[in-house]
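The block underneath contains the structure these notes are about, expressed in structure tokens.
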Amino acid sequence: MDMPMDTSLSLARGTAAPASTPAGSPRVGGMERVADDKAMLRAAADLTRDLVKPRPAIYWADLIASMVVGYGALAVAATSTSTPVVIVAGIVAMLGLYRGLSFIHEVSHMKHASVPNFRLGWNVLVGIPLLTPSFMYEGVHNLHHAKTRYGTVEDPEYLPLALMKPWTLPLFIVVSALAPIALLIRFAILSPISLLSPKLRTMIVERYSALAINPQFRRRAPEGEAKAYWDRLEIAASLWAITLIAITVTGVLPLRAFVTIFAVASAFAVLNQVRTLVAHLWENDGEPMTVTAQYLDTVNVPPPALLPALWAPVGLRYHALHHLLPGLPYHALGEAHRRITAELDALSPYHKASYPGLPGLVSKIARSTMVRR
């Protein structure tokens, strides 16, 4: 799951620098061409066949617990007059709501019959209240997993950040803090107005209806059942956004509480953007890649590190493994990683996608942008 809407702006690319490359191994952008490692791909598939079935009880319990904690702490932060309480409650609210919001990634992958009504429940509990209904990711994220689209200009969730200039990284993070305001404007103002303007409606669908980071991405208008579901969710989100503004303007919701809510929302938007920054190495400059190359451009942050459970929740700490096996439910990824790690020898490329933690990953991409290109 990446930065809300197309708010990344146009991030400038740097000039490519010379790099040492083994003979016969041409480079693509910042990466060498990598052939598929069939042993790794076969082992990943064979060792996890019994893990593909989602467990609805885990999904529901995790989502409900996350939102009870998140909304409960948010209520405390929005009403307390004690600064230390507001800060602590705000942090707890941010982490709880961020975990609940992260289930949009699972919603975009799951066969909905396998976890009955979960998509509806998620939209009611999270998508509508946080102004990120599931249509913002469904039909978008699957393009990121398309074998021939990953890392290309047609990938909505990819930018060659490691090949860009240093100032692009802080901009990439800072702009995400504006996401809650952008979403409020999109649903409270632009959605209703677009009913009167087909041209504005087309622009909103193409450019402001996707959780994407690629500013060149334009999504297609939904059709049939997908359009009917989109319309229902958009109406609900628009009514809620308008209500939120109305109760704030009339004083029903105190301005201080409104500001606190949006500060928490901005905080988890920034946290998600930091996670996005280290979810890949971002070293491909537009050429199609093999599955193994895509895997090596993606990141696992497995145990014994503990903090990734907070900043990369709901299985996102196994992002590289997820790109190998996108159909695995989040609760199976830890076991899948243990099995594959134990099976493959030390020379397997599988082990090269695992990293110890966030600081090293941020440092790695920052150093990449500072190389003269």
Side-chain angles (χ1 to χ4, degrees), residues 1 31 34-63 65-66 99 102-115 118 141-142 144-147 150-151 157 275-276 278-281 283-284 289-358 360-361 364:
M1 183 183 64
M31 298 190 68
V34 178
D36 270 326
D37 188 292
K38 294 182 179 179
M40 178 183 74
L41 301 180
R42 185 165 48 249
D46 291 345
L47 294 170
T48 60
R49 295 189 190 282
D50 62 325
L51 300 177
V52 297
K53 187 176 181 180
R55 298 172 63 180
I58 293 178
Y59 274 84
W60 282 109
D62 195 342
L63 175 64
S66 298
R99 184 175 183 87
S102 296
F103 275 95
I104 195 174
H105 183 253
E106 292 295 304
V107 169
S108 72
H109 278 284
M110 66 171 51
K111 295 179 180 178
H112 301 302
S114 65
V115 188
F118 187 80
H141 181 63
N142 63 303
H144 178 56
H145 283 275
K147 186 182 297 186
Y150 176 91
E157 298 180 37
R275 182 205 60 78
T276 300
V278 300
H280 298 283
L281 301 185
E283 293 178 344
N284 190 55
M289 305 165 68
T290 64
V291 174
T292 298
Q294 293 175 27
Y295 172 80
L296 292 173
D297 189 44
T298 313
V299 169
N300 288 328
V301 193
L306 297 177
L307 287 179
L310 297 179
W311 60 261
V314 192
L316 292 172
R317 68 184 304 169
Y318 297 106
H319 195 58
L321 175 56
H322 169 68
H323 270 262
L324 277 187
L325 302 167
L328 277 190
Y330 82 100
H331 55 72
L333 290 171
E335 176 61 24
H337 177 74
R338 287 188 288 273
R339 293 181 185 182
I340 299 169
T341 299
E343 175 71 16
L344 296 175
D345 64 53
L347 297 180
S348 171
Y350 183 81
H351 308 292
K352 297 179 181 178
S354 290
Y355 296 84
L358 183 64
L361 287 165
K364 176 179 173 62

TODO: Please report the closest heavy-atom contact between Pro313 and Arg99, naming both atoms and the distance.
DONE: CB-NH1, 3.4 Å
TODO: Drop me the distance from Met110's CE to Tyr59's OH, to the nearest 0.5 angstrom.
DONE: 4.5 Å
Task: Minimal non-hydrogen separation, Pro329 against Val52, with atom names - done: CD-O, 3.6 Å
Task: CG on Leu281 to CG on Leu361, rounded to 0.5 Å - done: 7.5 Å
Task: Candidate pair Ser114 and Lys111, rule side-chain contact (heavy atoms from CB on, under 4.5 Å), full reasoning - done: CA-CA 6 Å; Ser114 65; Lys111 295 179 180 178; 4.2 Å; yes
Task: Side-chain (Glu106) to main-chain (Tyr330) donor-acceptor, under 3.5 angstrom - done: yes
Open item on the list: For residues 318-338, which residue pairs pass the salt bridge (Lys or Arg N to Asp or Glu O under 4.0 Å) check, not counting sequence neighbours?
Closed with: Glu335-Arg338, Glu335-Arg339
Open item on the list: Is any side-chain heavy atom of Arg275 closer than 4.5 Å to one of Leu358?
Closed with: no
Task: Sidechain-backbone polar pair: Thr290 side chain, Ala293 backbone, donor-acceptor under 3.5 Å - done: yes
Open item on the list: Rounded at 0.5 Å granularity, tell me how far CD1 in Ile340 sits from CG in Leu325.
Closed with: 5.5 Å
TODO: Please test Met289 against Val34 for side-chain contact (heavy atoms from CB on, under 4.5 Å), starting from the C-alpha separation and ending with a verdict.
DONE: CA-CA 8 Å; Met289 305 165 68; Val34 178; over 6 Å; no
Task: Nearest atoms (heavy-atom pairs only) where Leu51 meets Ala332 - done: O-CB, 3.5 Å
Task: Within the 6.0 Å centroid threshold, strictly below: Tyr295 and Tyr350 - done: yes
TODO: Under the side chain to side chain donor-acceptor pair (under 3.5 Å) rule, collect the residues that match up with Ser108, sequence neighbours excluded.
DONE: none
Task: Rounded distance [0.5 Å steps], CG in Leu328 versus OH in Tyr318 - done: 12.0 Å
- [ ] Look only at the side chain of Asp345 and the backbone of Leu347, and say whether a donor-acceptor pair between them is shorter than 3.5 Å.
- [x] yes
- [ ] Using atom types as modelled and distance alone, determine if a side-chain donor or acceptor of His331 lies under 3.5 Å from a backbone N or O of Arg55.
- [x] yes
Task: His319 side, atom NE2; Leu333 side, atom CG - distance, nearest 0.5 Å - done: 11.0 Å
Open item on the list: Donor-acceptor pair, distance only, cut-off 3.5 Å: does the side chain of Arg317 make one with the backbone of Val301?
Closed with: yes
Task: Closest approach of Thr341 to His351 (non-hydrogen atoms, all atoms of both residues) - done: O-CE1, 3.5 Å
Task: Reported CG-to-CG distance for the pair Leu41 and Asp36, which is rounded to 0.5 angstrom - done: 5.0 Å
Open item on the list: With a 4.5 Å cut-off on side-chain heavy atoms, are Pro54 and Phe118 touching?
Closed with: no
Task: Trace of the side-chain contact (heavy atoms from CB on, under 4.5 Å) decision for His105 with Leu316 - done: CA-CA 9 Å; His105 183 253; Leu316 292 172; 4.0 Å; yes
TODO: Would you name the heavy atoms of Pro356 and Ala305 that are closest together and state the gap between them?
DONE: O-CB, 3.5 Å
TODO: Mind running side-chain contact (heavy atoms from CB on, under 4.5 Å) on Tyr150 and Asn284 for me, showing each step along the way?
DONE: CA-CA 9 Å; Tyr150 176 91; Asn284 190 55; 5.5 Å; no
Open item on the list: If I compare all heavy atoms of Ala336 with all of Thr48, which pair ends up nearest, and what's the gap?
Closed with: CB-CG2, 3.6 Å
Task: Parallel, tilted or perpendicular: rings of His144 and His280 (30°, 60°) - done: perpendicular
- [ ] Spell out, as yes or no, whether a donor-acceptor pair under 3.5 Å connects the side chain of His337 to the backbone of Pro303.
- [x] no
Open item on the list: So does Asp37 get a backbone contact from the side chain of Thr292, meaning a donor-acceptor N/O pair under 3.5 Å?
Closed with: yes
